[in-house]
Structures are given as structure tokens and as C-alpha cells.
Q: 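The structure that follows is given in the form of C-alpha cells.
Model, not experiment: these values are computed from the prediction. Each chain gets a letter, A, B and so on, in the order its sequence line appears, and its residues count up from 1.
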2 protein chains.
Amino acid sequence: MANINEVAKKAGVSVATVSRVLNSPNVVTPRTKAKVEDAIKKLNYEPSMLGRNLRNSESRLLLVLVPSISNPFYIDIIKGIEQSALDQNYNILLCETDSNPEREEIYFDLVRKKMADGIISMDPAVNIETLKELSKQYAIIQCSEYSEESDIPYVTIDNEEAAYRAVKHLIKLGHQEIALFNSNEKYLYARERKEGYMRALQEYGLPINDEFIIMTDQLNFDSGIEATKRIMNLKDRPTAIFSVSDLLAVGALKEMNRTGVKVPEEMAIIGFDNIEFSNMTYPTLTTIAQPMYQLGTVAANMLIEKVNGGEVTNTILNHELLIREST
Amino acid sequence: MANINEVAKKAGVSVATVSRVLNSPNVVTPRTKAKVEDAIKKLNYEPSMLGRNLRNSESRLLLVLVPSISNPFYIDIIKGIEQSALDQNYNILLCETDSNPEREEIYFDLVRKKMADGIISMDPAVNIETLKELSKQYAIIQCSEYSEESDIPYVTIDNEEAAYRAVKHLIKLGHQEIALFNSNEKYLYARERKEGYMRALQEYGLPINDEFIIMTDQLNFDSGIEATKRIMNLKDRPTAIFSVSDLLAVGALKEMNRTGVKVPEEMAIIGFDNIEFSNMTYPTLTTIAQPMYQLGTVAANMLIEKVNGGEVTNTILNHELLIREST
DNA sequence: TTGAAAGCGCTAACAC
DNA sequence: GTGTTAGCGCTTTCAA
């Protein structure tokens, strides 16, 4: 528990020199350096980041805001963020908002109180007004979900195009009646994916049936089951489902298995996200793969750049259609 | 970006008074309090945790060490930790070691450098020697996995008993040939669960067949598939599988589905952990539910107690057998 | 190349 | 009830 003073005394130098050995070793003579390093070792000295951070007015902590860590979609993104952060001597504060505004405020307070140097927001339900306000003073990046008119830099994929390709894939397979399991359209990605869905149908002259468009409140397994029940109760059933989330699609798959509907023969299903689990289901799930790890590394790099006063440009990453057993 | 000095000046009081308004509002007169609060508002002042933390020699950050956030087993534990931490004004630094000793060292350095006040370790592969060394100086709690002779407090479940009950359940269903998908026995939980497995077999006079005991290196989906292939290639096949991890069991399920083996009629499967996904599979998975959220809250409370100099006792929480469709 | 000293923003002991 | 002041551990400017 020695501090820099004790090290300085033991080595017979000033604290400034100890600090130099730690931070710019090349400006001190090898001889002094050796003395200091010796003292450090003998005293088992570990520099305190509390002192350093106060002096440098930084925390070297990055806030990562996710709606829920239960959603595997975020896992690889987080891994990417963490790797980039570590590479640049930052650490991440992973914050789960649970779409709870109070929690969100607690986390926002961390940056106001200088406990975090910046924010990567991935929460579609984030209070965008507060975020905009904060972005005037602090470094903020939006990852995956973003608000167009916020002026806050973002990294994402082309959701409209991805949805378009997914639906086109179903149409080419011969499907004409295609359901859409969508999220609440207050979210940008939901609107964009719906547009892609409609563009594909229109391009092939297929009618848009409103009964086939199900809006779910949550992107989870149970919502997928429920949405499936609703379309299976229609007298005119679709033959394929495009779901904007793998979790929803897994629910659909489960309901098909339960009721004995054969996938993909009687019902084709396509998901979105390529969560790890989508390859473990029976049958495996066709899905849109987002470059999640890369979304994470890019977001982290952008944020760190911004924290250091740099300028940053919006980025659109590529996606990919993974054709597996469910279509 | 005002600091405490500016607030004091604006309010016409000393910095000490400002600090008091912030930390023990009841010791200042309502009049001064009002003046200070007014100044705070006008200046948009936010107290800096950097200054406060240095002064208090604390970071109010708790390090949470997990092998991988991909394993859903840890998700609810983390949620529990986070809730308890927030309730007591702490935040968590979620650290994924990926069983990489270098990463682990980076994270350990965080506590050595005072960036974290303590550690909750859930990594079975943690370097226990380093952990023991650190525990002399810093607050550490082991959660779920622990080392018996480390003297580091832990919270966990009775793994032997849980495994015993799982296997007994299979035996009562009439199974006599039961495979064990286990983890590497260098881990305590693996040894304990194997003991429970053997105790159940012995109690019912069933022979122990070494061919039925598969050791997997990783607790993941692919290992589950591989283990299943191995037992299905035996000329004398078991009729049931007890897997020490749901992820492994999900792999087994998938392989059964692929090869057309009916679950549970031709092969019963039981998992361990009750990860969210175990209820989404086809068929749903019988499993041992650990009280994960509670493991998290208890671990966090123990750690905070220890950080504050308190004494803490080891805790064993209850588990539960969840019988679903796979048995 | 090195040292002295100021100061990052805060809390708390002490004095009044 | 409030103010003065020292100091938490560090970095960096300035001077030597």
C-alpha cells in the first residue's frame, strides 16, 4: 500500500522522477530508472488510478448502455467493445437499463459525475432528449439503434436493405404470403425493416396483407409464441414468417414444433441477428447476420476517438443472409 | 463543469458547507442549504466522483470476473449482483476472462491500482494462487465455483446433492443406463456433481459404466453434440443423459433431433442451470434450477460487507429440480 | 536530467 | 452551524 512519496524517498529521488519512470521512462537516466524500479519492487508499489485519474480529469471508463443482457444479440457487440477498450487502456461499465428510466438516470449520472468518459448507447428505448443534451458536453456514440436527427454519431447496418433481402429470399423460394413479426414502430430499426419488407413485396407485385403484420412489444421468446398463435388462427394463413429478431423466430419455431407444423415445408421462418442460439435450434434458423463484434469494435474506437477530442463519421457495416434449415 | 469552489463562492459559503449540503444535509441550517442548492442549480454543478473517490480512497466499483458472458448461466447472477450493487451505490465492472490469464491479470490490476474495491470471482479457471494472494489485501468473494482450501468466502449450491437428485429422478423413471456429461474434473463442481451421480447409482445398486462418463473440455453446444455422438456410437447405449450444463444438454437434444431419436421416449435428457433457453428448446429441458439471481445478490452483499471491513460467512443456497418434457 | 511546488475536486478534523 | 485547512496520490510546469 505504498504511495509515490515512499517510493521517491526510498529511491532517493523526487516524486516527479518516480512519475516519469512510470509514464515516460525514456526521459530519465538508466541509473535513476533502475533505482526507482528497485524501490517500486521492494515496496510492492502499485500506482493508484484514483490519484492519476483525478489529476488527469479522466476515468478511463466507458459506459455501455444496453436494454438487457438477456438478449444474446448484444453479447458479441459487448465483446467487441471490450476488446477495443482494453487495447486502448479503457474499461467498460456495462449498464443494463431494463427500459427503466430511473436506472438510465443512475447511469447517466455516472458520466455527469466524471465516473465515465463517454457512452455507447444501444438502447432503442433510450431517452433521446437526455442523450442529445448530454452529447453537448460528453462523448456519445450510438451503436446499432440510433436517432437520425440527433446529430450523435452512430454505427449500424442497413436495416432496410437487410429486411429486403430476407423477404426476397422467401419470395424466390416461392412464398407469396409472408408474415412480418415486427417490433414497435416507434423504433427506427422497426420502421426500416418494415420498409424493406414492403419494398420486396411490391417489387414482386405481391399484396400487403395487414393481418400478416404483427407488432410485438418485446423481442423475446414468449412474444414469438404469441405472434405465431395469432397468425395460425387466421383463416388465410401465411406460408412464411420474417421475424425482425431471432428470439421471436425461436418462439415461432417452438410453437411450430409444438403444434406439429413442419418447418420449412409448411412454414418457412427467417430471423434476424444470428444470435449464437439460432444455430442450435431444430431446425436451425435462417437469419440475417449482423457483424456484431465489429459493430462493437467500431463503436468503441469511435467513442475513444471522440473522448480524445477527435472527429468521427457515421458508419454503416455490411450484413449477410445466412441460409440454414428453416427456409 | 463547475467545481465545488465555484459553488461555494456563488453561495457565499465555504466549500466545507457545500460538501455538507451534499453529504449530510441535516447538519446545515435550512437557509444555508437553500443558498447552496440554489448555487448548485444555477451553475449546473455535478460533484466529481474522481475527487471524492480519491479523498475517500475508494472507487465504488466492484469487479465481476466471469469466464464468458456467452454462457447464459451467468446472466441472472450478474443481474442480481448489479441490483445489489446499485442499491448500495456501487457499480460493477464486468470482466470476461475468456480463460485467458493475461486478461485476468489486466483485471486483477484494476483492484491493485485501486480502480475496484473488491472482486466477485465466478471463473472456475481462475488462477487460485493469485486470488489467494490478493485476498490477503483486498475483499474477494467466490460465487458458484470456489476453492475449498482458499479461505476466501463463497456462496454456492450443494452440487453433489443436486446431481444426486437429478440422477435419482431418472432412476425413478426406470432408467438403468445413465450417461454423465461432465466437465473437466479439475473443477470442484465437476467432481461434486460426479459424486452425486455415483451416489444415486450406488444407492439403487446400478453399475457404474465408465464408457457412459464423458468429459468435455468446454461447456458449450458443440461439446454437447460431440459427447452425444460418442455415446450413440457405443454398442451398449444408455437410455438417459445427465448433463452438468444446459448448454451441453441443448447440444444433445439437437443431435437427437437430427438423428431422429425421440426425446424422452428413446433418450431422456436432464440438464443443469435452468438457463433461459432451456425452456425454449423442443422438447423443453428438465433441469436443475440454481437460484442464480439470489446467488448474485448474496455475493454482492457479502462483498460489500467485506469491503466495509465486516465479517462474512459462507452460504449454500437451495436448488430445485424442474421436471419438463425431456424426461 | 531532475526537483520543487502547484493543483486536480473533494472530505473531515479542528477551531470557533 | 460554519470556516479554515490539510491532504488523498498523482502529473506537470517551471526552474535549475
Q: Just to be sure I understand the rule, does B:V13 reach a base, reach only the sugar-phosphate, or reach nothing, if contact means heavy atoms closer than 4.0 Å?
A: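 The answer is sugar-phosphate, as B:V13 gets under 4.0 Å only of primed atoms, P, OP1 or OP2.
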
Q: Could you give the NZ-to-P distance, from A:K114 to C:dC10, as a whole number of Å?
A: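 For the pair A:K114 NZ and C:dC10 P, the rounded distance is 8 Å.
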
Q: If I take atom CZ in residue B:R60 and atom P in nucleotide C:dC10, what distance separates them, rounded to the nearest angstrom?
A: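 Rounded to the whole Å, the gap is 16 Å.
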
Q: Taking donor-acceptor contacts at under 3.5 Å, does the side chain of B:R20 reach the base of D:dG3?
A: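 When only heavy-atom distances are counted, B:R20 does reach the base of D:dG3 through a donor-acceptor pair under 3.5 Å.
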
Q: Counting any heavy atom closer than 4.0 Å, what does A:L50 reach on the DNA or RNA strands: base, sugar-phosphate only, or nothing?
A: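 Nothing, no nucleic acid heavy atom in range.
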
Q: To the nearest Å, give me how far apart CD1 (B:I40) and P (C:dC10) are.
A: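 Taking atom P of C:dC10 as the reference, CD1 of B:I40 is at 10 Å.
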
Q: Side chains of A:Q83 and B:R103: closer than 4.5 Å at any heavy-atom pair?
A: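 Yes - at least one pair of side-chain heavy atoms lies under 4.5 Å apart.
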
Q: Give one of base, sugar-phosphate or nothing for B:N53, where a contact means two heavy atoms less than 4.0 Å apart.
A: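 B:N53: no heavy atom of the nucleic acid under 4.0 Å.
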
Q: Please report the shortest heavy-atom distance between B:S84 and B:N301, naming the atom on each side.
A: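 Closest pair (atom of B:S84, atom of B:N301, distance): OG-OD1, 3.4 Å.
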
Q: Taking for each residue the nucleotide of DNA chain D bearing the nearest heavy atom, is the 5' side occupied by B:G51 or by B:R31?
A: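 Looking at the nearest nucleotide for each, B:R31 comes out on the 5' side.
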
Q: Between B:K79 and B:E82, is there a salt bridge with N-O shorter than 4.0 Å?
A: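 No salt bridge links B:E82 with B:K79.
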
Q: Closer than 4.0 Å, any side-chain N/O of A:N23 to the OP1 or OP2 of D:dT11?
A: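 A:N23 to D:dT11 OP1/OP2: side-chain N or O found under 4.0 Å.
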
Q: Would you say the side chain of A:I81 lies within less than 4.5 Å of the side chain of A:I77, judging by non-hydrogen atoms?
A: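 Touching, per the 4.5 Å side-chain cut-off.
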
Q: Under 4.0 Å, counting only non-hydrogen atoms across every strand here, what does B:T17 touch: a base, just sugar-phosphate, or nothing?
A: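 It contacts sugar-phosphate atoms only.
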
Q: Can you identify which nucleotide, out of D:dG9, D:dG3, C:dC10, has its nearest atom closest to the B:L54 side chain?
A: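 When the side chain of B:L54 is considered, D:dG9 is the closest of D:dG9, D:dG3, C:dC10.
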
Q: Please give, in whole Å, the distance from C:dG9 C1' to B:K9 NZ?
A: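 Whole-Å distance recorded here is 15 Å.
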
Q: Considering only side-chain heavy atoms of A:I4, which listed nucleotide, D:dT11, C:dC8, D:dT2, is closest?
A: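 Side chain of A:I4 sits closest to D:dT11.
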
Q: Base, sugar-phosphate, or nothing for A:N56, non-hydrogen atoms under 4.0 angstrom?
A: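 Sugar-phosphate: the residue A:N56, judged by heavy atoms under 4.0 Å, touches backbone atoms but no base.
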
Q: Rounded to the nearest Å, what distance is computed from the CE atom of residue A:M115 to the P atom of nucleotide C:dC10?
A: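 Rounding to the nearest Å, CE of A:M115 and P of C:dC10 are 14 Å apart.
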
Q: For the pair made of CG in A:N26 and P in C:dT2, what is the distance, rounded to whole Å?
A: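 Taking atom P of C:dT2 as the reference, CG of A:N26 is at 12 Å.
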
Q: If the threshold is 4.0 Å, N to carboxylate O, is there a salt bridge linking A:K42 and A:E6?
A: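 Looking at A:E6 together with A:K42, the answer is no, because their closest N to O distance does not fall below 4.0 Å.
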
Q: A:S19 side chain N/O closer than 4.0 Å to the phosphate oxygens (OP1, OP2) of D:dT11?
A: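 So the side-chain polar atoms of A:S19 do come within 4.0 Å of the phosphate oxygens OP1 or OP2 of D:dT11, strictly under.
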
Q: Under 4.0 Å between a side-chain N or O of A:S48 and OP1 or OP2 of D:dG9?
A: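 No.
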
Q: When you check the phosphate oxygens OP1 and OP2 of C:dG9, does a side-chain N or O of B:R52 lie under 4.0 Å from one of them?
A: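 No.
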
Q: Is B:T32 close enough to D:dG1 that one of its side-chain N or O atoms is under 4.0 Å from OP1 or OP2 there?
A: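 It does not, given that no N or O in the side chain of B:T32 lies less than 4.0 Å from OP1 or OP2 of D:dG1.
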
Q: Starting at the 5' end of DNA chain D and moving along, which residue's nearest nucleotide shows up first, B:V28 or B:R55?
A: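 Whichever sits nearer the 5' end wins; that is B:V28.
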
Q: A:K33 or B:L22: which one's nearest nucleotide on DNA chain C is closer to the 5' end?
A: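 Upstream on the strand: A:K33.
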
Q: Between A:N23 and A:R52, do the side chains contain a donor N or O and an acceptor N or O under 3.5 Å apart?
A: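 Side-chain D/A pair, A:R52 to A:N23: present.
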
Q: Choose from C:dC10, D:dT12, D:dG9 the nucleotide whose nearest atom is closest to any side-chain atom of A:A16.
A: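 Given the options C:dC10, D:dT12, D:dG9, the side chain of A:A16 is closest to D:dT12.
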
